[in-house]
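Since the structure comes first, as structure tokens, the remarks are kept for the end.
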Number of protein chains: 2
Amino acid sequence: MQNQQVLTKNQKIVLDIIEKSSQPLKAYSILFDVKKKGINAPLQVYRALDKLVEIGKIHKIESRNAFIACKNSKCQITKATVFSICENCEDVKEIHDHKLSEHLKHYKDNKGMKYSKYNLEFFGLCKNCIKN
Amino acid sequence: MQNQQVLTKNQKIVLDIIEKSSQPLKAYSILFDVKKKGINAPLQVYRALDKLVEIGKIHKIESRNAFIACKNSKCQITKATVFSICENCEDVKEIHDHKLSEHLKHYKDNKGMKYSKYNLEFFGLCKNCIKN
DNA sequence: TAATATTTGTTATAATATAACACTATGTAA
DNA sequence: TTACATAGTGTTATATTATAACAAATATTA
């Protein structure tokens with residue numbers, strides 16, 4: 001299975017930081033955090049991020065230029081991601097909704113295009129931020 | 001209606017460039033194009049882009065950091081966008097699919113979040129690129 | 001062991017985006 | 001008409017996000 005492949009040192013360091021965070025992290029904030037572990041340059045971080053995205057261990061939140069760990073241990077859902085984003089507190093959660101996924105997975109347009117993946121981002125206010 | 005408001009000079013210049021392009025344009029490529037019209041600085045472009053996005057005249061393709069005109073003249077669909085993106089030729093099209101929109105518009109999670117908008121990007125190969 | 005591919009470390013730089021500030025235009029209300 | 005508020009402008013400087021290029025090290029495979 002693709003995402004069980006062995007990670008290199010830098011990839012492990014970067015993944016570790018992201019997995020410990022409940023919220024998406026930005027590349028340069030990751031860089032700051034891993035400097036004490038011997039990673040000195042942006043490119044070292046970006047290379048690890050690229051690989052981790054590729055194998056589905058993390059996802060990029062495109063609208064935020066940030067990266068979040070994929071909690072779904074058994075999956076390769078690099079290719080089909082859905083997120084909810086609170087525009088007030090910036091809380092981000094990955095959504096796993098079977099019905100929604102099925103709907104999107106089977107979506108066909110009338111242009112003859114062949115889709116291999118999608119990314120959906122919902123924006124709004126989370127429960128907490130509605131109250132306040 | 002929000003997007004019938006009068007545009008300023010810079011907003012018109014920027015919108016004009018984007019509307020003339022069938023494909024998404026990047027901010028600095030727009031800047032290059034509008035220099036002959038007296039717009040000299042990135043910020044002038046970004047401010048116009050922000051406003052045009054806000055009133056729904058254009059949309060941002062988040063995964064590409066690029067901007068495309070909204071063809072749907074009567075709409076305010078700033079809040080609900082769906083795109084198809086060919087990963088080979090980078091052709092981008094806005095998708096208007098009633099069934100899909102309805103499905104997404106009414107999507108509710110179980111976290112009590114209140115959604116006000118969404119952005120969905122499909123990736124794959126267009127008809128042309130499949131052939132080649 | 002050689003050949004190949006992948007990852008690393010490094011420096012430099014490209015590409016994308018915003019802060020801050022003084023000024024100008026436009027609309028609205030007294 | 002003046003005063004005020006609001007939005008937009010022009011400008012310089014700078015912040016943030018991301019990649020190019022190259023040499024060295026490591027792992028894989030034949």
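In the text below, chain A, chain B and the rest are named by the order of the sequence lines, each starting its count at 1.
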**Prompt:** In this structure, are over 12 heavy atoms from other groups packed under 6.0 Å from Lys127(A) atom NZ?
**Reply:**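 No, not enclosed.
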**Within 6.0 angstrom of Lys111(B) NZ, more than 12 heavy atoms from elsewhere** =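 For Lys111(B), atom NZ is crowded (more than 12 foreign heavy atoms under 6.0 Å).
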Does [X] put a side-chain nitrogen or oxygen below 4.0 Å from OP1 or OP2 of [N]?
X	N	value
Asn65(B)	dA15(C)	no
Lys26(B)	dA14(C)	no
Gln44(A)	dG9(C)	yes
Lys9(A)	dT6(C)	no
Thr8(A)	dT8(C)	yes
Tyr46(A)	dT19(D)	no
Lys60(A)	dA18(D)	yes

**Asked** For Val92(B), does its backbone N or O pair with a side-chain atom of Gln23(B) as donor and acceptor, under 3.5 Å?
**Response**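 Yes.
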**Request:** Could you tell me whether a side-chain N or O of Glu121(B) sits under 3.5 Å from a main-chain N or O of Ile85(B), the two making a donor and an acceptor?
**Result:**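 Judged by distance alone, no pair lies under 3.5 Å.
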**Asked** Is the base of dA14(C) touched by the side chain of Tyr28(B) through a donor-acceptor pair closer than 3.5 angstrom?
**Response**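 Per atom types, no contact qualifies.
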For residues 26-40 of chain B, run the donor-acceptor check on the side chains, cut-off 3.5 Å, and write out each pair with its distance to 0.1 Å, sequence neighbours left out.
unit_1, atom_1, unit_2, atom_2, d
Lys26(B), NZ, Arg64(B), O, 3.2
Lys36(B), NZ, Asp33(B), O, 3.4
Asn40(B), ND2, Gly38(B), O, 3.4

**Message:** Over 60° means perpendicular and under 30° means parallel, so tell me whether Tyr118(B) and Phe122(A) are parallel, tilted or perpendicular.
**Reply:**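 Answer is perpendicular, since the angle exceeds 60°.
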**Request:** Can you label the angle between the His103(A) ring and the His103(B) ring as parallel, tilted or perpendicular, going by 30° and 60°?
**Result:**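 Because their plane-to-plane angle is under 30°, the rings of His103(A) and His103(B) count as parallel.
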**Prompt:** How bent is the helix from dT1(C)-dA30(D) to dA30(C)-dT1(D), comparing axes over its five end pairs at each side, to the nearest 10°?
**Reply:**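 If I round to tens, the end axes sit 40° apart.
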Distances under 3.5 Å between protein N/O atoms and the N/O atoms of nucleotides 28-30 of chain D, please, pair by pair.
none

**Message:** Between C1' on dA25(C) and CG on Asn10(B), what's the gap in Å once rounded to a whole number?
**Reply:**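 Roughly 13 Å, once rounded to whole Å.
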**Request:** Write down the distance between CG (Leu43(A)) and C1' (dT16(D)), rounded to a whole number of angstrom.
**Result:**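 Spelled out: CG on Leu43(A) to C1' on dT16(D) is 16 Å.
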